[in-house]
K.L.:
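One structure, as structure tokens, below. Some questions next.
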Amino acid sequence: MITEKLQNAINGQINAEMWSANLYLAMSFYMDKEGFDGFAHWLKKQSEEEMEHACAMAGYLVKRGGTPKVDKVDVVPNGWGTPMEVFEHVYKHECHVSELINTLVDVASAEKDKATQDFLWGFVREQVEEEATAQGIVDKLKKAGDAGIFYVDAQLKNR
Ligand code: MG
């Protein structure tokens, strides 16, 4: 059985994952409106992935005798500048999420909950990929410049 403290911390992360899902959905809508279908598609998938993270955490809480919660999700920003600015924001946000996950590992460790630490390592690894992927897109956009932006947009449609 999971401790209440750890259950509450995971519920906090479920809320953060849902907020991330909304952030990426808002970015997807924005890119769609700006005429970048590929970026919009990639961000929509990213949003769906964040919702899957929230559900995986909820499923884990149930398995451990805890109670997952859907809480009020704060409003997300909307309206960005260039696609580069959008993806720089994605990168910055993923770095922030990595910190949240690391803090959650610390809570699991303080609660001496080995199973939860093990469960969370998957997310620690996932964040390495998330940061690298977002940074990779920023780098690509930098190299592409104005002329190559539609090429990168077309590439991201394949996600
Ligand atoms: Mg996530």
Side-chain angles (χ1 to χ4, degrees), residues 2-32 36-64 66-80 83-111 113-141 152-153 155-159:
I2 201 157
T3 66
E4 202 181 336
K5 190 175 175 192
L6 193 46
Q7 170 190 276
N8 293 344
I10 293 175
N11 271 321
Q13 189 59 35
I14 288 174
N15 191 264
E17 298 292 338
M18 291 173 76
W19 192 87
S20 297
N22 283 357
L23 174 70
Y24 294 142
L25 194 59
M27 286 174 170
S28 174
F29 292 167
Y30 175 73
M31 286 285 88
D32 196 14
F36 295 105
D37 315 4
F39 297 143
H41 170 79
W42 190 96
L43 288 157
K44 174 110 188 302
K45 289 267 174 192
Q46 187 75 2
S47 171
E48 287 165 8
E49 224 182 76
E50 301 308 341
M51 213 44 150
E52 283 166 21
H53 296 162
C55 291
M57 288 172 191
Y60 176 77
L61 271 184
V62 170
K63 270 192 207 162
R64 295 293 313 283
T67 307
K69 247 194 210 156
V70 173
D71 215 329
K72 191 177 100 183
V73 181
D74 246 339
V75 70
V76 293
N78 58 74
W80 287 266
M84 170 93 85
E85 280 161 13
V86 170
F87 282 95
E88 275 172 343
H89 189 172
V90 171
Y91 173 71
K92 226 180 89 195
H93 182 64
E94 287 302 332
C95 292
H96 168 67
V97 172
S98 300
E99 282 172 27
L100 293 179
I101 298 287
N102 288 344
T103 305
L104 208 49
V105 174
D106 291 341
V107 178
S109 168
E111 294 294 287
D113 188 324
K114 307 291 188 291
T116 301
Q117 289 174 59
D118 179 63
F119 171 70
L120 291 173
W121 290 129
F123 288 97
V124 171
R125 284 193 294 275
E126 167 86 16
Q127 283 312 117
V128 173
E129 299 306 317
E130 297 284 18
E131 284 184 28
T133 303
Q135 183 65 63
I137 296 170
V138 170
D139 290 347
K140 237 179 223 174
L141 285 170
V152 184
D153 182 57
Q155 259 195 339
L156 264 60
K157 215 174 200 166
N158 298 325
R159 177 174 187 179

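Note that the coordinates shown come from a computational prediction; the quantities given were computed from them, not determined experimentally. Heavy atoms only: backbone and side chains are in, while hydrogens, waters and symmetry mates are out. Counting convention: from 1, in listed order, for ligands and their atoms alike.
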K.L.:
Do you know the tightest heavy-atom contact between Leu43 and Val90?
P.N.:
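Looking at all heavy atoms of both residues, the closest pair is CD2-CG2, 3.9 Å.
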
K.L.:
What pair of heavy atoms forms the shortest contact from Val73 to Trp19, and how long is it?
P.N.:
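The answer is CG1-CA, 3.7 Å.
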
K.L.:
With no hydrogens and no angle check, just 3.5 Å: does a side-chain donor-acceptor pair link Glu94 and Gln135?
P.N.:
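Not at all, the side chains of Glu94 and Gln135 share no donor-acceptor pair under 3.5 Å.
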
K.L.:
Do the charged groups of Lys45 and Glu49 touch, with an N to O distance under 4.0 Å?
P.N.:
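Here Lys45 does not pair with Glu49 in a salt bridge, since their nearest N and O are not under 4.0 Å apart.
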
K.L.:
Will you find, in the side chains of Glu50 and His53, an N or O donor that is under 3.5 Å from an N or O acceptor?
P.N.:
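Note: Glu50 and His53 side chains meet the donor-acceptor criterion.
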
K.L.:
Listing residue and atom name, which protein N/O/S atoms are closer to the Mg ion (ligand 1) than 2.8 Å?
P.N.:
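Less than 2.8 Å away from the Mg ion (ligand 1) sit Glu17 OE1, Glu50 OE1, His53 ND1.
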
K.L.:
Using a strict threshold of under 4.0 Å (side-chain N to carboxylate O), is an ion pair present between Lys44 and Asp32?
P.N.:
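The answer is no: the pair does not qualify as a salt bridge.
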
